[in-house]
Enquirer: 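The structure that follows is given in the form of structure tokens.
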Amino acid sequence: MKKTILALVLTASAATLTAAQLVEAIVVRVGDRVITRTQYARRLHDGFTEIEQTSTSPAEATTKKEELRKNLSTDLIAELLIKDRADRLGLTVSAEELKDAMTRLKEQYGIKTDADFDESLRKSGMARSDMEARLHDTILMNKVFARELRQRDELADKELRERYDREKERYRLPERARLREIIVVKPDDPSKVEAARQRANGLAAEARTGDFAKLATTSSDAGTKAKGGDLGEVARGELLPDLDKAVFNATAGTVIGPIETKSGWHILKVETRLPSEVPAFESVKDRLRKDASEDAWQRDYKAYIDRLRKDAFIQINEQNVPST
């Protein structure tokens, strides 16, 4: 699932306190900055919302929520340390910078109007003021990183190849097949199901002797009909179990089906079969460079935060951490 707008700014939400919040229980203190119980609970709620919107299974969501709860205090301390550092460096965010960032955010998500933007925020459980505050903090943090974390030159091919030789199994491609499909959708009316089944059988017979792509264009009920039924490459395990088993037990050129599922009947042509393989260095060089840069940045970031922590007054009041 595509990430929501909430995900883009969730990591910068240590807000400015109101007068009412000053009398609340304090969960985290870093110097003169604090996180109250309400702020902590809100951050936890927003994180849980994002996890629920992007996780692929309940088990994955549960694991991610546990990780968030475990690491939240550490993450909030880091954010407050960075804000304090921004003050010391005299870094600020102008209204124009914030406006430009909001515009880019809307463009990234294809949002054309303010009404659509507000609706997207509503679905994420946010008000516009919340978004602006978090976006402001994100910009400020990025300014600190640009000033304080050293910029790395692109790694030379020799260094990348050494990394490739050490970690190439990490980039291994799964077994794949290139497919075309013809689908006959199962009717809602039970009296019409048998006719649809017979239609699927007839199309399968025709597909085995004729032009599969042309037949898909004229007869398939799937959205891929405009492309001659072209599904592109699929990896083992991506299809429904019955379809997956049939495809990866077939040879290139085979027409499979019709195979019945809850939604209808599937007729598949296996155009090509590709084995699991480690891609050549040149084909993954850009990804290697990106991964190496990200790994290096994470190491630099951790060391930077550790340095800031050594010189800061930090207090965590575990008794005030919200239980939910």
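Owing to the predicted nature of the structure, the values given are computational and were not obtained by experimental measurement.
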Enquirer: Check this for me, if you would: do Glu282 and Lys285 make a salt bridge, where the nitrogen-to-carboxylate-oxygen distance has to be below 4.0 angstrom?
Expert: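 Salt bridge between Glu282 and Lys285, a charged N being under 4.0 Å from a carboxylate O: yes.
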Enquirer: Is there side-chain contact between Lys186 and Lys262, with heavy atoms separated by less than 4.5 Å?
Expert: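 Answer no - side chains too far apart.
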Enquirer: Kindly compute the distance separating CD (Glu79) from CG (Asp137), expressed to the nearest 0.5 Å.
Expert: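 CG of Asp137 is found 8.0 Å from CD of Glu79.
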Enquirer: Can you measure from CD1 (Ile35) to CZ (Arg42) and round to the nearest 0.5 angstrom?
Expert: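 The distance works out to 14.0 Å.
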Enquirer: Just wondering, do Asp244 and Glu238 contact through their side chains at under 4.5 Å, heavy atoms?
Expert: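 Counting from C-beta outward, Glu238 and Asp244 never come under 4.5 Å.
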Enquirer: Tell me if a side-chain donor or acceptor on Asn249 pairs with a main-chain N or O of Lys245 at a distance below 3.5 Å.
Expert: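 Here the side-chain-to-backbone pair exists.
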Enquirer: Any donor and acceptor pair, going by atom type alone, linking the side chain of Arg180 with main-chain N or O of Lys227 inside 3.5 Å?
Expert: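 Checking the backbone N and O of Lys227 against the side chain of Arg180, a donor-acceptor pair under 3.5 Å is found.
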Enquirer: With distance as the sole test, does Arg178 use its side chain to make a donor-acceptor pair with the main-chain N or O of Gly232 at under 3.5 Å?
Expert: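 A pair under 3.5 Å: no.
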Enquirer: Does one hydrophobic cluster hold both Val234 and Ile182, with members joined at side-chain heavy-atom distances below 4.5 Å?
Expert: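 Shared cluster, no.
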Enquirer: Is there side-chain contact between Asp230 and Thr224, with heavy atoms separated by less than 4.5 Å?
Expert: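 Counting from C-beta outward, Asp230 and Thr224 never come under 4.5 Å.
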Enquirer: Under 4.5 Å between side-chain heavy atoms, counting indirect links through other Ile/Leu/Val/Met/Phe/Trp/Tyr residues: same cluster for Trp265 and Leu231 or not?
Expert: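 Result: no, two separate clusters.
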Enquirer: State, yes or no, whether a side-chain contact exists between Lys64 and Glu52 at a heavy-atom distance under 4.5 Å.
Expert: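 The answer is no, as the side chains (C-beta and beyond) never meet within the 4.5 Å cut-off.
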Enquirer: With sequence neighbours excluded, tell me which residues meet side chain to side chain donor-acceptor pair (under 3.5 Å) with Asp188.
Expert: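 Partners of Asp188 under the side chain to side chain donor-acceptor pair (under 3.5 Å) test: none.
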Enquirer: Measure from the side-chain N and O atoms of Lys143 to the backbone N and O of Thr92, and report whether any donor-acceptor pair falls under 3.5 Å.
Expert: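 Between the backbone of Thr92 and the side chain of Lys143 there is a qualifying donor-acceptor contact (under 3.5 Å).
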Enquirer: In terms of hydrophobic clusters joined by side-chain contacts under 4.5 Å, are Ile259 and Phe212 together?
Expert: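 Unlinked, Ile259 and Phe212 end up in two clusters.
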Enquirer: Got a donor-acceptor contact below 3.5 angstrom from the Thr254 side chain to the Ala250 backbone?
Expert: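 Absent.
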Enquirer: Look at the side-chain heavy atoms of Ile, Leu, Val, Met, Phe, Trp and Tyr, link any pair under 4.5 Å apart, and say whether Tyr40 and Ile77 land in one connected group.
Expert: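 Yes, Tyr40 and Ile77 fall within the same hydrophobic cluster.
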Enquirer: Go through the side-chain N and O atoms of Ser263 and Thr261 and say whether any donor and acceptor fall under 3.5 Å apart.
Expert: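 On atom types as modelled, these side chains qualify, holding a pair under 3.5 Å.
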Enquirer: Would you check if there is a donor-acceptor pair between the side chains of Gln198 and Glu194 at a distance under 3.5 Å?
Expert: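 There is such a pair between these side chains.
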Enquirer: Check whether any side-chain heavy atom of Ile256 sits under 4.5 Å from a side-chain heavy atom of Glu181, and report yes or no.
Expert: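 In short, these two side chains do not touch, never coming nearer than 4.5 Å.
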Enquirer: Enumerate donor-acceptor pairs with a distance under 3.5 Å from any side-chain N or O in residues 309-317 to protein atoms, sequence neighbours excluded.
Expert:
| unit_1 | atom_1 | unit_2 | atom_2 | d |
| --- | --- | --- | --- | --- |
| Asn317 | ND2 | Ile26 | O | 2.8 |

Enquirer: Before you tell me yes or no, could you show the steps for Tyr301 and Phe145 under ring pair (Phe, Tyr, Trp, His ring centres under 6.0 Å), namely the whole-Å CA-CA distance, both residues' side-chain angles and the distance that decides it to 0.1 Å?
Expert: CA-CA 8 Å; Tyr301 172 80; Phe145 297 153; 5.7 Å; yes
Enquirer: Is the side chain of Arg176 donor-acceptor paired with the backbone N or O of Pro174 at a distance under 3.5 Å, no angle test?
Expert: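 Yes, because the side chain of Arg176 sits within donor-acceptor range (under 3.5 Å) of the backbone of Pro174.
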Enquirer: Return yes if a side-chain donor-acceptor contact under 3.5 Å exists between Ser283 and Tyr171, otherwise no.
Expert: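 Judged by distance alone, the side chains do not pair up.
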Enquirer: To the nearest 0.5 Å, how far apart are OG in Ser276 and CZ in Arg236?
Expert: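 If we round to the nearest 0.5 Å, Ser276:OG and Arg236:CZ are 10.0 Å apart.
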Enquirer: Would you mind reporting whether Glu132 and His136 have side-chain heavy atoms less than 4.5 Å apart?
Expert: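 No. Closest side-chain heavy atoms not under 4.5 Å.
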Enquirer: Evaluate the side-chain proximity of Leu179 to Glu271: yes if any heavy-atom separation is below 4.5 Å, no if none is.
Expert: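 A side-chain contact is absent here, since even the closest heavy-atom pair is not under 4.5 Å.
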Enquirer: Okay, side chain of Asp130, backbone of Ala127: is any donor-acceptor separation there less than 3.5 Å?
Expert: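 Side chain of Asp130 to backbone of Ala127: a pair is present.
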Enquirer: Grouping I, L, V, M, F, W and Y whenever their side-chain heavy atoms are under 4.5 Å apart, do Met141 and Leu105 come out in a common cluster?
Expert: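 They do share one cluster, since a chain of ILVMFWY contacts under 4.5 Å joins Met141 to Leu105.
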Enquirer: With sequence neighbours excluded, what pairs up with Phe281 under the ring-ring contact (aromatic ring centres under 6.0 Å, His included) test?
Expert: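 Once residues adjacent in sequence are excluded, the partners of Phe281 under the ring-ring contact (aromatic ring centres under 6.0 Å, His included) criterion are Tyr164.
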Enquirer: Less than 4.5 Å apart, any side-chain heavy atom of Arg147 and any of Arg85?
Expert: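 No, side chains not in contact.
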Enquirer: Would you find more than 12 non-hydrogen atoms of other residues, nucleotides or ligands less than 6.0 Å from Arg172 atom CZ?
Expert: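 Enclosed: over 12 neighbouring heavy atoms sit under 6.0 Å from CZ of Arg172.
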Enquirer: Does Ser220 use its side chain to pair, donor to acceptor, with the backbone of Ala222 at less than 3.5 Å?
Expert: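 Pair found, side chain donor or acceptor close to backbone of Ala222.
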Enquirer: Within the supplied structure, the quantity of interest is the number of heavy atoms (other residues, nucleotides, ligands) at a distance under 6.0 Å from Asp165 CG; does it exceed 12?
Expert: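 More than 12 heavy atoms, drawn from other residues, nucleotides or ligands, come within 6.0 Å of this atom.
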Enquirer: For residues Thr113 and Asp116, is any side-chain donor paired with an opposing acceptor at under 3.5 Å?
Expert: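 Side-chain D/A pair, Thr113 to Asp116: present.
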